[in-house]
Participant: 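Input: one structure, supplied below.
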Amino acid sequence: QVQLAETGGGLVQPGGSLSLSCTASGSIFTSNAMGWYRQAPGKERELVATITRGGSTNYADSVKGRFTISRDNAKNTVYLQMNNLNPEDTAVYYCYADGLQRNGLGPISRFDRWGQGTQVTVSS
């Protein structure tokens, strides 16, 4: 019922910047927390940043001061601005969202969804 679509991945040089976006669509009643996670080859998936509907943010220590997460509640969209990228940032970045969904006039239920992932590669 709820789908996440990610855009913005690509190849950048060390020190460069990249911006990701993720839009939730479908039978969304309201979105709650949204965030970004990443998984590099041979590593576990890790939290990058999260943001609540009210705007409270949380960042992994490795990205503090370099990445900025933001959201547009009206568009059910979350963004990740990544600056001063380094090769260790290379990973598949996954969008996450949870909240409440409703199909038409049916019952309201909770949801949590993952995006399909977008590749970010930092290399010279």
Side-chain angles (χ1 to χ4, degrees):
Q1 287 87 343
V2 177
Q3 302 84 37
L4 304 182
E6 300 152 322
T7 61
L11 174 64
V12 297
Q13 294 186 351
S17 298
L18 202 62
S19 181
L20 307 180
S21 65
C22 172
T23 299
S25 62
S27 304
I28 301 172
F29 186 77
T30 185
S31 60
N32 186 22
M34 303 186 79
W36 293 92
Y37 294 73
R38 67 186 182 187
Q39 186 168 21
K43 297 180 64 178
E44 297 289 331
R45 182 180 61 192
E46 64 177 356
L47 180 146
V48 177
T50 60
I51 183 169
T52 68
R53 187 173 185 85
S56 297
T57 59
N58 184 44
Y59 295 92
D61 289 340
S62 60
V63 306
K64 287 181 179 177
R66 300 188 298 121
F67 291 10
T68 301
I69 189 170
S70 61
R71 65 186 290 168
D72 186 330
N73 291 333
K75 297 180 179 179
N76 289 313
T77 298
V78 62
Y79 307 92
L80 185 68
Q81 178 64 48
M82 303 182 291
N83 298 324
N84 194 25
L85 288 161
N86 60 66
E88 293 184 344
D89 295 316
T90 295
V92 177
Y93 284 69
Y94 295 93
C95 177
Y96 171 84
D98 63 42
L100 300 175
Q101 65 181 93
R102 188 180 192 181
N103 186 8
L105 299 179
I108 298 174
S109 60
R110 306 178 79 96
F111 76 87
D112 56 83
R113 293 287 186 273
W114 293 94
Q116 76 281 2
T118 184
Q119 178 70 49
V120 172
T121 302
V122 185
S123 176
S124 60

Participant: Scan residues 67-82 for pairs that pass salt bridge (Lys or Arg N to Asp or Glu O under 4.0 Å), counting only residues two or more places apart or in two chains.
Facilitator: none
Participant: Set out, in order, the CA-CA distance, both residues' side-chain angles and the distance that settles side-chain contact (heavy atoms from CB on, under 4.5 Å) for T68 and L80, then state yes or no.
Facilitator: CA-CA 6 Å; T68 301; L80 185 68; over 6 Å; no
Participant: Does anything in residues 27-36 form a salt bridge (Lys or Arg N to Asp or Glu O under 4.0 Å)? List the pairs, not counting sequence neighbours.
Facilitator: none
Participant: Find the distance between CD1 (I28) and CG (L100) and round it off to the nearest 0.5 Å.
Facilitator: 11.0 Å
Participant: When you measure from the side chain of R45 to the backbone of Y37, do you find a donor-acceptor pair of N or O atoms at a distance under 3.5 Å?
Facilitator: no
Participant: Can you give me the closest heavy-atom contact between L47 and A60, atom names plus distance?
Facilitator: O-CB, 3.3 Å
Participant: Which atom pair, heavy atoms only, marks the closest approach of A24 to L4?
Facilitator: CB-CD2, 3.3 Å
Participant: Give the C-alpha distance, both sets of side-chain angles, the deciding distance and a yes or no for side-chain contact (heavy atoms from CB on, under 4.5 Å) between Y93 and M82.
Facilitator: CA-CA 12 Å; Y93 284 69; M82 303 182 291; 3.8 Å; yes
Participant: Looking at every non-hydrogen atom in both residues, tell me the closest pair between V48 and V63 and how far apart they are.
Facilitator: O-CG2, 3.6 Å
Participant: How would you list all residue pairs meeting side chain to side chain donor-acceptor pair (under 3.5 Å) that involve residues 106-120, not counting sequence neighbours?
Facilitator: Q119-T121
Participant: Would one find more than 12 heavy atoms of other residues, nucleotides or ligands at under 6.0 Å from atom CD of E46?
Facilitator: yes
Participant: Looking just at side-chain N and O atoms, do N83 and Q81 make a donor-acceptor pair shorter than 3.5 Å?
Facilitator: yes
Participant: Closest heavy-atom contact between V78 and C95?
Facilitator: CG1-SG, 3.7 Å
Participant: Output all residues satisfying ring pair (Phe, Tyr, Trp, His ring centres under 6.0 Å) with F111, sequence neighbours left out; order by chain, then residue number.
Facilitator: none
Participant: So, taking the atom named CE in M34 and the one named CD1 in I51, what distance separates them when rounded to the nearest 0.5 Å?
Facilitator: 9.5 Å
Participant: Where is the tightest heavy-atom contact between A40 and T90, given as atom of each residue plus distance?
Facilitator: CB-O, 3.5 Å
Participant: Is there side-chain contact between F29 and Q101, with at least one heavy-atom pair below 4.5 Å?
Facilitator: no
Participant: Between the side chain of E6 and the main-chain N/O of C22, is any donor-acceptor distance below 3.5 Å?
Facilitator: no
Participant: Could you give the distance from OG (S62) to CG (N86), rounded to the nearest 0.5 Å?
Facilitator: 8.5 Å
Participant: Kindly write out the residues that satisfy ring pair (Phe, Tyr, Trp, His ring centres under 6.0 Å) with Y79, not counting sequence neighbours, or none if the list is empty.
Facilitator: none
Participant: Which heavy atom of I69 sits nearest a heavy atom of A49, and at what distance?
Facilitator: CD1-O, 3.6 Å
Participant: Can you confirm whether L18 sits close enough to L85 that some side-chain heavy atom of one is under 4.5 Å from a side-chain heavy atom of the other?
Facilitator: yes
Participant: Per the salt bridge (Lys or Arg N to Asp or Glu O under 4.0 Å) rule, what does the pair list look like for residues 84-105, sequence neighbours excluded?
Facilitator: R38-D89, R66-D89
Participant: Among the clusters formed by ILVMFWY side chains lying less than 4.5 Å apart, do Y94 and Y96 turn up in the same one?
Facilitator: yes
